[in-house]
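Below you'll find the structure, written out as structure tokens, and then a few comments.
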There are 2 protein chains.
Amino acid sequence: MTNDDQSIGGRPTLKTIAFMTGLGISTVSQALKDGPDISKATRQRVQLIAKQIGYRPNRAGVRLRTGKTNVIALVLNTKEESMGLVSEMVYGISDTLSGTSYHLVVTPYSLSDPMEPIRYIVETGSADGIIISRTQPDDPRVGYLLDHGMPFATHGRTNMGVVHPYHDFDNQAFALEAVKILHGRGRKNIALLGPPPTLLYQRHTRSGFEAGLRAFDMREYWLGDIDTDAELAGIIARGRGLGQDEARPDGIICSAAISALAIGAGLTECGLRIGRDVDLVTKESSQLLSLMRPEIICITENFRAAGRDLARAVMAWIDGADPANFQFLAGP
Amino acid sequence: MTNDDQSIGGRPTLKTIAFMTGLGISTVSQALKDGPDISKATRQRVQLIAKQIGYRPNRAGVRLRTGKTNVIALVLNTKEESMGLVSEMVYGISDTLSGTSYHLVVTPYSLSDPMEPIRYIVETGSADGIIISRTQPDDPRVGYLLDHGMPFATHGRTNMGVVHPYHDFDNQAFALEAVKILHGRGRKNIALLGPPPTLLYQRHTRSGFEAGLRAFDMREYWLGDIDTDAELAGIIARGRGLGQDEARPDGIICSAAISALAIGAGLTECGLRIGRDVDLVTKESSQLLSLMRPEIICITENFRAAGRDLARAVMAWIDGADPANFQFLAGP
DNA sequence: TCGCGGGCCTGAATCGTTACAGTAATTCTA
DNA sequence: TAGAATTACTGTAACGATTCAGGCCCGCGA
């Protein structure tokens, strides 16, 4: 009842517009969302004023009343760092989110339990949708989120027989292509430094790799129990080991730029020249590597595009779209 | 009046605890924050139950009532990418924020207007504090935030005669140290590839650089109008140009790892060997460079520590601490 | 002319929290 | 022992938005 000082002061609210138009608050609310019960003239009038005074709905008000947070959470493992993955993903997501009402909350977890941040978000309802990465073949987070009806999208696929949005790089095609390139350069004995077996794309990578070997009649040099998640020092040491091995591979395929650099460093230490004695093909996500080591052959994975896709997917799912329509596989 | 189904169902609220304890809602609210009006016994009882049932205050409720968002906004320029700056900053900030009630919202802006995201946050009150980077000597954002009473911290200092929290790398000391290293390696003719003059740390860098030249009686090779913000291709070309210059510098100091790589790439193209024909000293922020290009001399800047400091500073300021106590200068 | 159904708008209730003004019951003061 | 002060707790009113059950007025059919 006390329409004191609506005209002046603070941020405009529905009350402000109601006061200015002489309408009721609920009318204004409906008019702003083009409710059919409101006459066209009134709707236009309200919307005009709202625009003029720069009205923006109070997020807390909306959230409290409707439960809609207008937040997308990006859940990252601190391990995550394929040279720029984080920044590219963030920028990609923001590309999509800008111009919408969504904000991006970044939630890293250093802990060993990947479920913890997920549970937190679901239990406190602090986001409308979640983007997760480092997806595992049988990822507990996916099951949990599905169970709890929380929209999400994964960077990488799962192997669970359930449908959910994802963006994945076609690592099978990548590995196949890499083998083909090495074959084209006359290489025969190929090593694969792939991702850890806990991540599904390890299987895709291996599958493409093996298909390539078969197709071009090449053989594998078995690298043993080492993957792109290993300590850099360990990878360098492995490179050194290769350098001293008579039966060393003449081609190496690598799933991460940084690991390629590391293994290359080890090889170089032994006096081997990349591009001559050994060929190195790697995935990379920025122009950096080609600068640092132009002799390393690069196949680009675009994390920014991934971020864009993932954000689009989550938003669409939140809006009720069919998640099956948002499964993206990016070619190399 | 209708205490229907408080015991079961959804997330616990104050009402749930009120129902369980038989107390009033406001009593519970006060008890949880150790209000002095509530008896010790009651406070403990309430807090015990709250913990047991995993009560967490509804952020929207708090935010609507108090205006406190429990959000720190990190405002980034998409240009930003000193190899891992974004991820390291994010992880650093999260280190500090984890365990508190704060969430981290990341707001990149690709637009030319750095004020836009700042205004948005202030006008919509969508954060309690802001962390900004790419600080300029006379930064309009700093003035604006000060005017509007929004706590913030800057990555880098300003030159405005106002006090605010910051974390800065001592670029003067870095440049001086770099010159000293080059002097120690017998170099005489030094080039500086510094940051763009719009950023204050360009001055610090130059100042340290010039002091070093004077102290060790060396001379500058003037690189001209190029800085670490330039296109990589341009920097590479400049490196190539240097390689072909008879009077080329025998030492180069670089403010960003990626630029060092670029200029190094240009030099290498001309057959020059880094570490022999030319020495290259650069700032870098990960172990990457020193591992992969050991011939480049690295001085490390720790962005994660910066993130930690900045988050601590903003939180402290929000809590009413004196901003003057949160000015950090990190040595090389 | 009466009643009924739309069209257009409004008030009240609600989401979860906090600030503030009470209100009993108890204890202290003179 | 009356009155004041203290202790311990409670009800109400916001914060800003949305939802929903009306309410009023008009035109139309019988």
Side-chain angles (χ1 to χ4, degrees), chain A residues 1-6 9-47 50 53-70 101 123-126 128, chain B residues 1-6 9-47 50 53-70 101 123-126 128:
Chain A
M1 288 302 150
T2 56
N3 266 333
D4 314 63
D5 40 12
Q6 281 307 325
R11 209 176 136 194
T13 69
L14 290 183
K15 206 160 142 197
T16 318
I17 303 181
F19 176 70
M20 293 175 78
T21 55
L23 295 163
I25 293 180
S26 42
T27 312
V28 174
S29 173
Q30 295 206 66
L32 281 177
K33 41 176 52 85
D34 262 327
D37 274 7
I38 310 296
S39 76
K40 194 155 205 168
T42 302
R43 288 190 304 216
Q44 290 180 340
R45 198 158 62 92
V46 168
Q47 287 167 14
I53 65 175
Y55 167 77
R56 290 165 192 274
N58 179 308
R59 311 191 114 230
V62 175
R63 181 164 170 178
L64 182 56
R65 179 63 232 247
T66 66
K68 176 130 209 244
T69 62
N70 283 296
S101 60
E123 283 170 9
T124 64
S126 52
D128 297 330
Chain B
M1 287 304 148
T2 56
N3 266 333
D4 312 64
D5 39 11
Q6 281 307 325
R11 211 178 133 193
T13 68
L14 290 182
K15 205 159 141 197
T16 318
I17 302 181
F19 176 71
M20 293 175 78
T21 54
L23 295 163
I25 294 180
S26 40
T27 311
V28 174
S29 172
Q30 294 207 69
L32 282 176
K33 38 176 55 84
D34 264 328
D37 274 9
I38 310 297
S39 76
K40 193 153 205 168
T42 302
R43 287 190 304 215
Q44 289 180 341
R45 196 157 65 93
V46 168
Q47 287 168 15
I53 65 177
Y55 167 77
R56 290 166 193 274
N58 179 307
R59 310 191 114 230
V62 175
R63 181 164 169 178
L64 182 56
R65 180 63 235 247
T66 65
K68 175 128 207 240
T69 62
N70 283 296
S101 59
E123 282 169 9
T124 64
S126 53
D128 297 330

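Quick note: numbers below take in every heavy atom, side chains included, and nothing from hydrogens, waters or symmetry partners. Note that the structure is a prediction, hence the values are computed from the model and not measured. The sequence lines fix the lettering, A, B, ..., with proteins before strands; numbering per chain opens at 1.
Atom CG in B:Leu64 sits roughly 9 Å away from atom C1' in D:dA14 (whole-Å rounding). One atom, NZ of B:Lys68, and another, C1' of C:dA19, lie 17 Å apart when rounded to the nearest Å. Summarising the geometry, the separation between CG on B:Leu32 and P on C:dG16 is reported as 15 Å, rounded to the nearest angstrom. In this entry the distance linking CZ of A:Arg63 with P of C:dT17 reads 12 Å, nearest Å. Protein atom CD1 of B:Ile17 is 15 Å distant from nucleotide atom P of D:dC9, rounded to whole Å. In this structure, B:Lys33 atom NZ and D:dA8 atom P are separated by 19 Å, rounded to whole Å. For A:Asn70 and D:dA17, the CG to P distance is 13 Å, given to the nearest whole Å. Straight-line distance from the NZ atom of A:Lys15 to the C1' atom of C:dG11: 14 Å, rounded to whole Å.
Nearest approach of B:Ser101 to B:Asn70, heavy atoms of both residues: OG-OD1, 2.7 Å.
With B:Arg63 contributing its side chain and A:Arg59 its backbone, the two residues share no donor-acceptor pair below 3.5 Å.
Under the 4.5 Å side-chain criterion, counting only non-hydrogen atoms from C-beta, A:Asn58 is not in contact with A:Thr13. A 4.5 Å side-chain heavy-atom check between B:Thr27 and B:Val46 finds every atom pair outside the cut-off.
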Nucleotide N/O to protein N/O under 3.5 Å, stretch nucleotides 5-10 of chain C:
unit_1, atom_1, unit_2, atom_2, d
C:dC9, OP1, A:Thr42, OG1, 2.8
C:dC9, OP2, A:Ser39, N, 3.0
C:dC9, OP2, A:Ser39, OG, 3.4
C:dC9, OP2, A:Thr42, OG1, 3.3
C:dT10, OP1, A:Gly24, N, 3.3
C:dT10, OP2, A:Gly24, N, 2.7
C:dT10, OP2, A:Thr27, OG1, 2.2

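To the nearest 0.5 Å, the span separating NZ on A:Lys68 from CG on A:Asp128 amounts to 5.0 Å. Put simply, CG on B:Leu14 and CG on B:Leu23 are 11.5 Å apart, with the number rounded to the nearest 0.5 Å.
Distance from the side chain of A:Thr13 is smallest to D:dA17 among C:dC15, D:dA17, D:dC15.
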